[in-house]
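Take a look at the structure below.
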Amino acid sequence: MTSDTPGGDRSRGLLSRLRRARSRPRGKARRRLGAAVRLLAALTLAGGAYTVFAPGLSAQDTPQLTSAAQEGKALFDTSCVSCHGRNAQGVEGRGPSLIGVGAASVEFQVSTGRMPLTRQEAQAEEKPPVFNADQTTQLSQYVQELGGGPQLPEGDNLHRDGDVAEGGRLFRINCSSCHTFGGGGGALSSGKFAPDIKSADDRQIYAAMLTGPQNMPVFGDNQLRPEQKADIIAYVQQTLAEDRDPGGFNLGRLGPATEGVAIFLVGIVALVFAALWIAGKS
């Protein structure tokens, strides 16, 4: 009977509101718990995927060396790492980084015996090479694959199509100020010097122009085109290296110093004899 009364209706409405109020926190708690479980599952899945695929990704980031470069790395770790550091990144106070110098620089320095360096001096001097041609190629390939850089053309004869006359003009403009007109080299500042180039082969001359060792400026393809480099090499090999002296006795090809001494001595002797001849006649 009381359920039909207005008071009974009010009591039932109050009970239902209380039940809804008690169930609401339980619903929020369930939702929060479900979100936490889903987040944990997502993190677990992401971590598992990273664990599975990360080694493969890192392996792809590490460059795979060719067989020649691997041989070069073995030589590098034996003879070069103490100055140039692991992975050729350089050692302060000992040797510079080789990243980006390219195979051309390595071939020039190693084939001329300048590297490995005997001791720290104002300039690395040419000496008999430590490595043979194959080992030099392997070292060059290793450094090339590490960081890239200038490379030499294929072959040993790089002046086959060169113009000797044009090469002489370019040599006099760009090279004679340091290497002298006869290619015999000359002194520079701070104990450095430009070496004699008459005994250098095509690849060494090309590499020197391309990389600019020691105090030599870099003559990249923007400064001297490949065909112009071939012209200069043709002039050096066909004119200077063959010891041609169309002007007469070369006086050692050491430049104006020896010429001045010769002229002074010859002139003084001539003057002395002339003075004695005049005195005898008088």
Shortest non-hydrogen separation from Pro129 to Val110 and the atoms involved: CB-O, 3.7 Å
Shared hydrophobic cluster for Val272 and Val269 (ILVMFWY, side-chain gaps under 4.5 Å): no
Linked hydrophobic residues, Leu271 as query - side chain contacts closer than 4.5 Å: none
Pairs involving residues 75-89, ordered by first then second residue, that meet salt bridge (charged side-chain N to carboxylate O under 4.0 Å, His left out) (sequence neighbours left out): Lys73-Asp77
Leu224 and Ile232: CA distance, side-chain angles, deciding distance, side-chain contact (heavy atoms from CB on, under 4.5 Å) verdict: CA-CA 10 Å; Leu224 288 174; Ile232 292 176; 3.7 Å; yes
Nearest-0.5 Å distance that lies between atom CD in Gln151 and atom OG in Ser140: 9.5 Å
Glu71 (side chain) donor-acceptor with Gln138 (main chain) under 3.5 angstrom: no
Distance-minimising heavy-atom pair for Gly184 and Lys198: CA-NZ, 3.8 Å
Close side-chain approach of Val236 to Ile197, heavy-atom, < 4.5 Å: yes
Asn157 side chain to His159 backbone, donor-acceptor under 3.5 Å: yes
Distance-minimising heavy-atom pair for Gln223 and Gln228: O-OE1, 4.1 Å
Atom pair CG (Leu158) and CG (Asp201), whose distance is rounded to the nearest 0.5 Å: 8.5 Å
Reported CD-to-CG distance for the pair Gln144 and Leu65, which is rounded to 0.5 angstrom: 12.0 Å
Within one Ile-Leu-Val-Met-Phe-Trp-Tyr cluster: Leu45 and Leu39, side-chain cutoff 4.5 Å: no
pair Asp231-Val164: side-chain heavy atoms closer than 4.5 Å: no
Gln204 versus Thr112, side-chain donor and acceptor atoms under 3.5 Å: no
Non-hydrogen side-chain atoms of Tyr206 and Ile233 separated by less than 4.5 Å: yes
Non-hydrogen side-chain atoms of Tyr142 and Leu75 separated by less than 4.5 Å: no
Under 3.5 Å: donor-acceptor pair, side chain of Ser177, backbone of Ile173: no
Short side-chain to backbone donor-acceptor contact, Arg203 and Pro153, under 3.5 Å: yes
Straight-line distance of Lys192 NZ to Asn215 CG, nearest 0.5 Å: 4.0 Å
Where Glu107 and Ser111 come nearest, the two heavy atoms and their spacing: O-OG, 2.5 Å
Non-hydrogen atoms of Phe181 and Tyr235 that approach each other most closely: O-OH, 4.2 Å
Exceeds 12 heavy-atom contacts within 6.0 angstrom, atom CG of Asn132: yes
Test: Lys229 and Glu227 ion pair at under 4.0 Å: no
Contacts table for residues 87-106: side-chain donor-acceptor under 3.5 angstrom, sequence neighbours left out:
{"residue": "Arg94", "atom": "NH1", "partner": "Ser82", "partner atom": "O", "Å": "3.1"}
{"residue": "Ser97", "atom": "OG", "partner": "Ala88", "partner atom": "O", "Å": "3.4"}
{"residue": "Ser97", "atom": "OG", "partner": "Ile99", "partner atom": "N", "Å": "3.2"}

Donor-acceptor contact present, side-chain Gln237 to main-chain Ala200, <3.5 Å: yes
Student check: side-chain heavy atoms of Glu166 and Leu170 closer than 4.5 Å: yes
Separation between CG of Asn174 and NE2 of His179, rounded to the nearest 0.5 Å: 10.5 Å
Trace of the side-chain contact (heavy atoms from CB on, under 4.5 Å) decision for Leu139 with Phe131: CA-CA 9 Å; Leu139 280 169; Phe131 300 104; 3.8 Å; yes
Taking every non-hydrogen atom, the tightest pair across Ala208 and Phe108: CB-CE1, 3.8 Å
Partner of Arg114 under side-chain contact (heavy atoms from CB on, under 4.5 Å), chosen from Glu125, Gln123, Glu126: Glu126
Sub-4.5 Å side-chain heavy-atom contact between Phe193 and Cys178: no
